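Down below is the structure, laid out as structure tokens.
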Amino acid sequence: MSILTKKFFERPTLKVAQELLGKFLFRRIGGKKFFFAITEVEAYDGFLDKASHAHKGKTARNTPMFGEAGIWYVYLVYGMHNMLNIVTGPKNYPAAVLIRVIKPLSNSVAKLNGPAKLTKFLGIDKKFNKKPATRAAGLWIEDKGVKIKKSQIKASPRIGVNYAGEWKDKNYRFYL
DNA sequence: ACGATGATGAAC
DNA sequence: TTCATCATCGTA
């Protein structure tokens with residue numbers, strides 16, 4: 001059970017995004033611990049990426065993206081949905097990976113096949129914003145030793161970012 | 001295909 | 001201070 005720390009996230013965003021597939025998102029609620037395999041992510045990388053919140057520079061909302069790697073960036077879209085991102089890359093370089101889909105090991109729970117579904121199910125909201133991904137925070141990521149072959153990873157353009165000009169076609173979405 | 005629903009950022 | 005815009009989802 002090795003927990004992923006700043007070292008893991010403080011690397012190129014595209015690499016981190018792909019390596020997050022097959023890792024496990026852990027959530028502690030009260031005394032209970034749940035975990036889910038990460039099966040789909042999107043990368044948001046740097047100032048130039050028009051689909052990224054950071055492309056216009058630092059603002060009140062996106063400051064977490066400029067912070068240390070390995071902290072959560074949680075924000076509201078469409079007035080009702082929380083999105084869960086993990087900050088990547090060096091400090092002052094705005095980048096993050098959006099966790100889109102997680103898979104419960106048992107099928108006893110709802111399908112979590114959308115970024116707003118998993119945050120709702122896990123009770124994730126702005127109170128996690130800027131928190132480090134640690135056990136103490138109640139939300140963290142572990143490597144359980146599952147090996148993912150490169151051939152298992154598929155890439156495609158990101159979802160819901162058609163406004164992003166030439167950046168909308170980049171294959172920054174990765175899934176198993 | 002479209003409305004819900006509110007924070008955000010930019011313009012006025 | 002007002003306005004258009006959104007890293008979505010559920011219902012039709």
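Here the structure is a predicted model, which is why all the values come from computation and not from measurement. A note on names: the letters A, B, ... follow the listed sequences, proteins ahead of strands, and every chain is numbered from 1.
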- prompt: Can you say whether the rings of Tyr172(A) and Trp167(A) are parallel (under 30°), tilted (30 to 60°) or perpendicular (over 60°)?
  reply: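 If you compare the ring of Tyr172(A) with that of Trp167(A), the planes turn out perpendicular.
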
- Task: Return the orientation label for the His81(A) and Tyr78(A) ring planes: parallel under 30°, perpendicular over 60°, tilted otherwise.
- Result: perpendicular

Does [X] have any ring pair (Phe, Tyr, Trp, His ring centres under 6.0 Å) partners at least two apart in sequence or in another chain, and if so, which?
| X | result |
| --- | --- |
| Phe128(A) | none |
| Tyr93(A) | none |
| Trp72(A) | none |

Give Ala51(A) one of three labels, base, sugar-phosphate or nothing, depending on what nucleic acid heavy atoms sit under 4.0 Å from its own.
->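 It contacts base atoms.
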
Partners of [X] by side chain to side chain contact (heavy atoms under 4.5 Å, CB included), sequence neighbours excluded?
| X | answer |
| --- | --- |
| Lys56(A) | none |
| Lys149(A) | Ser151(A), Gln152(A) |
| Lys130(A) | Thr63(A), Pro64(A) |

| query | Taking all atoms of both residues into account, what is the closest heavy-atom pair of Ala43(A) and Arg158(A), and its distance? | reply |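 Shortest heavy-atom contact: O-NH1, 2.8 Å.
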
Using the P atom on both, measure dT2(C) against dT5(B) and round to a whole Å. 22 Å

Checklist entry - Just the endpoints, please: which first and last nucleotides of DNA chain C, 5' to 3', lie under 4.0 Å from a heavy atom of chain A? => result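 In short, chain A contacts DNA chain C from dC6(C) to dG10(C).
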
Protein-proximity profile, nucleotides 5-12 of chain B, B/S/- by nucleotide at the 4.0 Å heavy-atom cutoff, equals BB-SSS--

Could you run through DNA chain C and flag its stems, i.e. three or more consecutive Watson-Crick or G-U pairs with both distances under 3.5 Å?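 Stem list for DNA chain C: B:1-4 with C:8-11, B:6-11 with C:1-6.
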
Applying side-chain hydrogen bond (donor to acceptor under 3.5 Å, both in side chains), can you list everything that pairs with Thr59(A), at least two apart in sequence or on another chain?
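Listed in chain order: Asn62(A).
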
message = Checking Arg11(A) now: which residues fulfil side-chain hydrogen bond (donor to acceptor under 3.5 Å, both in side chains) with it, not counting sequence neighbours?
response =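 Expected list: Glu19(A).
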
Can you list the steps and then say if Phe26(A) with Phe24(A) is a ring-ring contact (aromatic ring centres under 6.0 Å, His included)?
CA-CA 6 Å; Phe26(A) 276 69; Phe24(A) 289 80; 7.1 Å; no

TODO: Establish whether Val101(A) and Val16(A) are linked, either directly or via other cluster members, by ILVMFWY side-chain heavy-atom contacts under 4.5 Å.
DONE: no

Within residues 154-162 of chain A, the residues having a heavy atom closer than 4.0 Å to DNA chain C are Ile159(A), Gly160(A), Val161(A)

